[in-house]
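Report on the following structure.
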Amino acid sequence: MLCLVLISVFLSEKTVSAQVMIESEFLYENAPFANAHSNTIIETLNGDLLVASFGGTKEGEEDVCIWLSRKTKGSSGWSAPKKMIEAPAGMTCYNPVLYQLPADKGGEILFFYKIAPAFKYGMSEGYIMRSKDGGNTWTEPVHMGGLVGACKNQPVLVGNRLISPSSGPKADGWGCHFEISDDLGYTWRKVEMTDHNPSVNPAQPALLVHDDGKVQALFRTTD
């Protein structure tokens, strides 16, 4: 209900009614996993679409991996899901996030994902891979040094600064924080929310950049 109220601030009835569905399709008809969750999508600089999700028996199980599908520009269908990341024994994968840097910032694709002990999302640690060729090849995963990375929603770029929305358990409950990079995602630092109300238990923020440069965070609660 909170999300519906926040969205109504930005979407008038006229705006909503003017939107038109261009195409509706399945990414796949059959897949090597029973359930998939937490899709993330980007358009690459050459017009391809990339979608990643985590899939397995169910969320938290040890067989959950990160999968990637591509729809080449002009193609009528999607490639079969390709396994990108498999967690070590006793661990599981969570929430991938794809992000396309603009061409004037090098044009790389950043691929965030989380690894955690099975059924213990609160212990997730972030990893990041990079691609310089539109997602055809990737660097080896880099551990983010105990940070979570973009936990569900994409970062935003403000000037040369990447602001990554994230969240995790705090001493007094669940809370949001932000992870900042001033070198296009090679190094990161953590910034806590200055006004944290533990009774709200905010999680998984999404960032909106206004025309005046102000950055606004919308989030769900874990209640």
Side-chain angles (χ1 to χ4, degrees), residues 10 22 27 38-54 66-75 78-79 81-82 84-85 93-115 124-168 176-194 203-219:
F10 302 104
I22 298 174
L27 289 175
S38 192
N39 285 345
T40 176
I41 185 169
I42 60 168
E43 181 179 5
T44 67
L45 295 182
N46 70 352
D48 291 355
L49 298 177
L50 292 182
V51 170
S53 62
F54 68 80
I66 304 292
W67 302 81
L68 183 71
S69 298
R70 177 187 297 270
K71 186 173 187 180
T72 304
K73 184 178 181 179
S75 171
W78 292 81
S79 66
K82 176 184 177 182
M84 296 291 293
I85 300 295
C93 298
Y94 284 106
N95 294 25
V97 174
L98 289 165
Y99 178 73
Q100 172 70 70
L101 284 166
D104 64 354
K105 302 299 181 183
E108 289 187 316
I109 299 172
L110 307 184
F111 194 159
F112 302 87
Y113 65 92
K114 270 64 62 189
I115 297 289
S124 293
E125 293 193 353
Y127 290 79
I128 185 171
M129 301 189 299
R130 310 175 75 95
S131 176
K132 296 183 178 181
D133 59 6
N136 291 300
T137 61
W138 299 89
T139 62
E140 289 296 315
V142 174
H143 183 239
M144 295 185 68
L147 298 178
V148 182
C151 66
K152 185 180 75 70
N153 299 308
Q154 294 175 336
V156 296
L157 185 65
V158 181
N160 289 317
R161 173 165 291 175
L162 269 176
I163 306 174
S164 184
S166 199
S167 59
C176 295
H177 66 270
F178 306 98
E179 295 172 5
I180 310 294
S181 175
D182 292 316
D183 57 8
L184 300 179
Y186 284 97
T187 61
W188 297 86
R189 58 188 174 89
K190 183 178 180 179
V191 177
E192 297 286 356
M193 289 180 64
T194 55
Q204 297 179 339
L207 296 180
L208 173 67
V209 182
H210 292 269
D211 289 340
D212 63 2
K214 182 181 294 183
V215 180
Q216 185 177 29
L218 310 178
F219 52 83

Minimal non-hydrogen separation, L68 against A52, with atom names: CD1-CB, 4.0 Å
Results of salt bridge (charged side-chain N to carboxylate O under 4.0 Å, His left out) for K82 - residues two or more places apart only: none
All ring-ring contact (aromatic ring centres under 6.0 Å, His included) counterparts of W188, not counting sequence neighbours: F112
Closest contact, heavy atoms only, N95 versus K114: O-NZ, 2.5 Å
Any residue meeting side chain to side chain contact (heavy atoms under 4.5 Å, CB included) with K132, in chain and number order, not counting sequence neighbours: E108
side-chain hydrogen bond (donor to acceptor under 3.5 Å, both in side chains) partners of residues 139-149, not counting sequence neighbours, each pair once: E125-H143
Q154 (side chain) donor-acceptor with Q100 (main chain) under 3.5 angstrom: no
Residues that Y94 engages under ring-ring contact (aromatic ring centres under 6.0 Å, His included), provided they are two or more places apart: F54, Y121
Qualifying residues under side-chain hydrogen bond (donor to acceptor under 3.5 Å, both in side chains), relative to T40, sequence neighbours excluded: none
Side chain proximity check, L157 to P102, heavy atoms < 4.5 angstrom: yes
side-chain hydrogen bond (donor to acceptor under 3.5 Å, both in side chains) partners for S79, two or more places apart: none
Nearest atoms (heavy-atom pairs only) where S53 meets N39: CB-OD1, 3.0 Å
L50 to G135 - nearest heavy-atom pair and separation: CD1-CA, 4.2 Å
Residues that V191 engages under side chain to side chain contact (heavy atoms under 4.5 Å, CB included), provided they are two or more places apart: I180, R189
Contacts of N153 that satisfy side-chain hydrogen bond (donor to acceptor under 3.5 Å, both in side chains) - sequence neighbours left out: none
Given D48, L49, I109, the one that forms side-chain contact (heavy atoms from CB on, under 4.5 Å) with I42: I109
Residues that F178 engages under ring-ring contact (aromatic ring centres under 6.0 Å, His included), provided they are two or more places apart: none
D211, CG: over 12 other non-hydrogen atoms inside 6.0 angstrom: no
Of all pairs that satisfy salt bridge (Lys or Arg N to Asp or Glu O under 4.0 Å), the ones with a partner from residues 149-158, not counting sequence neighbours: none
Which residues share a side-chain hydrogen bond (donor to acceptor under 3.5 Å, both in side chains) with D133, sequence neighbours left out: S131, T137
Main-chain N/O of V51 paired with S69 side-chain donor or acceptor, under 3.5 Å: no
H210 backbone acceptor or donor facing Q216 side chain under 3.5 Å: no
Where F219 and P205 come nearest, the two heavy atoms and their spacing: CB-CA, 3.9 Å
